[in-house]
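Below is one structure, written out as structure tokens; comments come after it.
Here the structure is a predicted model, which means the values were calculated and not measured. Just so you know, these numbers use all the heavy atoms, side chains as well, and skip hydrogens, waters and symmetry mates.
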Amino acid sequence: AHIYAASLFLSVALYAVKVRAEAMQKASEAVPSGMLSVVGRREANYKFACLEARKHCESLGIENPVCTVSNYLFPDSRVIAGHLQALEFLQENARKYYFKRAKMLPVSGAFHTRLMEPAVEPLAEVLKSIEIQKPLLCVYSNVDGKKYMHSKHIQKLLVKQVVSPVLWEQTMHSVYERKQGTEFPYTYEVGPGNQLGAILKQCNLKAWKQYKHVDALEDEEEAE
């Protein structure tokens, strides 16, 4: 998004992504951890479920266990991340916590939690060394669901994002906030899959009505 908005050059942005990815992978290897995709009923209390999962980990002798919501996708859908034992506990007790579905994600670690703290400093150092401009377009941070204001703001929140939950649902509300009677913009999801459109439909049905999925591969085949 920052490359598209001209706040970051492609080459330096890719280098920052590389450093972040390697640091996050290293952090993942330090502790058996993961992420659990959860769809809950209206009665579901995610914070309470995470608290009980942490208590379970403590009973197993795990010090300072991590189990927390790491991604707010849409109403009644969350990703919970933390120690593997905590996630397994939640899967086994899904009905108790009113989870309709609890599925492990094929990822190597508990991203967007404090288990990623070892990755913070390497990314911070890289971002200090590269040039960041004020975005030419509106770019929203999923740390707080608000627009990035200036280069220092971008630098600070990109680092914070490594250990902060992704507020995707809240960001959608910010992006599509309109005065009563104002038309919604056209929204295009480009590339394979239409997961973002499916999430938008759950967050804002009126905005979704102006949504279109563009599959790049299909367009290439038509051109041929």
Calculate, to the nearest 0.5 Å, the distance between atoms CG and CD belonging to L167 and Q161 respectively.
-> 10.0 Å

Note, N142 side chain near P165 side chain (heavy atom, < 4.5 Å) | no

Are V120 and L127 joined in one hydrophobic group, where the rule is that I, L, V, M, F, W and Y side chains link up if heavy atoms are under 4.5 Å apart?
-> yes

Short side-chain donor-acceptor distance under 3.5 Å, Q25 and S108 | yes

Nearest-0.5 Å distance that lies between atom NE2 in H213 and atom OG1 in T187 | 13.5 Å

What orientation do F99 and Y46 show, parallel under 30°, tilted 30 to 60°, or perpendicular over 60°?
-> parallel

Would you say E43 has more than 12 foreign heavy atoms packed within less than 6.0 Å of its CD?
-> yes

How about Y148 and H2: are their ring centres within less than 6.0 Å of each other?
-> yes

Where do M35 and V79 come nearest, in terms of heavy atoms and distance?
-> CE-CG1, 3.7 Å

More than 12 heavy atoms of other groups within 6.0 Å of M149 CE = no

Inter-residue atom distance C57.SG - L60.CG, 0.5 Å rounding | 6.0 Å

Are V166 and I80 linked, directly or through other ILVMFWY residues, by side chains that come within less than 4.5 angstrom of each other?
-> no

Taken to the nearest 0.5 Å, the spacing of R114 CZ from S164 OG works out to 13.5 Å

Are the side chains of M116 and V163 in touch, meaning some heavy atoms are under 4.5 Å apart?
-> yes

Applying side-chain contact (heavy atoms from CB on, under 4.5 Å), run through M104 and L87 and close with a yes or a no.
-> CA-CA 8 Å; M104 291 295 293; L87 304 183; 3.9 Å; yes

Mind checking whether L200 and Y176 have side chains closer than 4.5 Å, heavy atoms only?
-> yes

Taken to the nearest 0.5 Å, the spacing of M172 CE from N204 CG works out to 9.5 Å

Please say which of L115, N64, T113 ends up in a side-chain contact (heavy atoms from CB on, under 4.5 Å) with H83.
-> L115

Indicate the atoms forming the closest heavy-atom contact of L105 with S37, along with that distance.
-> CD2-CB, 3.8 Å

What are the two closest heavy atoms between C203 and H173, and how far apart are they?
-> O-CE1, 3.6 Å

Kindly indicate, with the supporting measurements, whether the criterion side-chain contact (heavy atoms from CB on, under 4.5 Å) is fulfilled by W168 and N71.
-> CA-CA 7 Å; W168 190 263; N71 202 323; 4.2 Å; yes

OH/Y98: more than 12 non-hydrogen atoms of other groups inside 6.0 Å = no

Side chains of F111 and S70 in contact at under 4.5 Å (non-hydrogen atoms) | no

If you measure from CG on L137 to OG on S7, what distance do you get to the nearest 0.5 Å?
-> 9.0 Å

Could you check Q170 against Y72 for side-chain contact (heavy atoms from CB on, under 4.5 Å), going step by step and ending with a plain yes or no?
-> CA-CA 8 Å; Q170 294 87 334; Y72 294 80; 3.6 Å; yes

Atom of K103, atom of Q91 and distance for their closest heavy-atom approach = CA-NE2, 4.1 Å

Any link between V66 and V38 through a network of hydrophobic side chains (Ile, Leu, Val, Met, Phe, Trp, Tyr) touching at under 4.5 Å?
-> no

Would you call Q202 and S77 a side-chain contact if the rule is heavy atoms closer than 4.5 Å?
-> no

Evaluate the side-chain proximity of S129 to V12: yes if any heavy-atom separation is below 4.5 Å, no if none is.
-> no

Closest contact, heavy atoms only, V69 versus C50 = N-SG, 4.2 Å

Would you call E52 and K96 a salt bridge, using N to O less than 4.0 angstrom?
-> yes

Could you pull out the closest heavy-atom pair between P65 and I62, with the gap in Å?
-> CD-O, 3.6 Å

Which pairs pass salt bridge (Lys or Arg N to Asp or Glu O under 4.0 Å) with one or both residues in residues 14-30, sequence neighbours excluded?
-> K18-E22

Are V139 and V159 joined in one hydrophobic group, where the rule is that I, L, V, M, F, W and Y side chains link up if heavy atoms are under 4.5 Å apart?
-> yes

Treating Ile, Leu, Val, Met, Phe, Trp and Tyr as nodes and any side-chain heavy-atom pair under 4.5 angstrom as an edge, say whether V39 and L73 lie in one connected cluster.
-> no

Would you check, one step at a time, whether the test side-chain contact (heavy atoms from CB on, under 4.5 Å) holds for S33 with L84?
-> CA-CA 4 Å; S33 59; L84 216 48; 5.7 Å; no

Heavy-atom check, side chain of N45 versus side chain of Y97, under 4.5 Å = no

On the 0 to 90° scale, with breaks at 30° and 60°, tag the Y211-W208 ring pair as parallel, tilted or perpendicular.
-> parallel

Any side-chain heavy-atom pair from K209 and F184 closer than 4.5 angstrom?
-> no

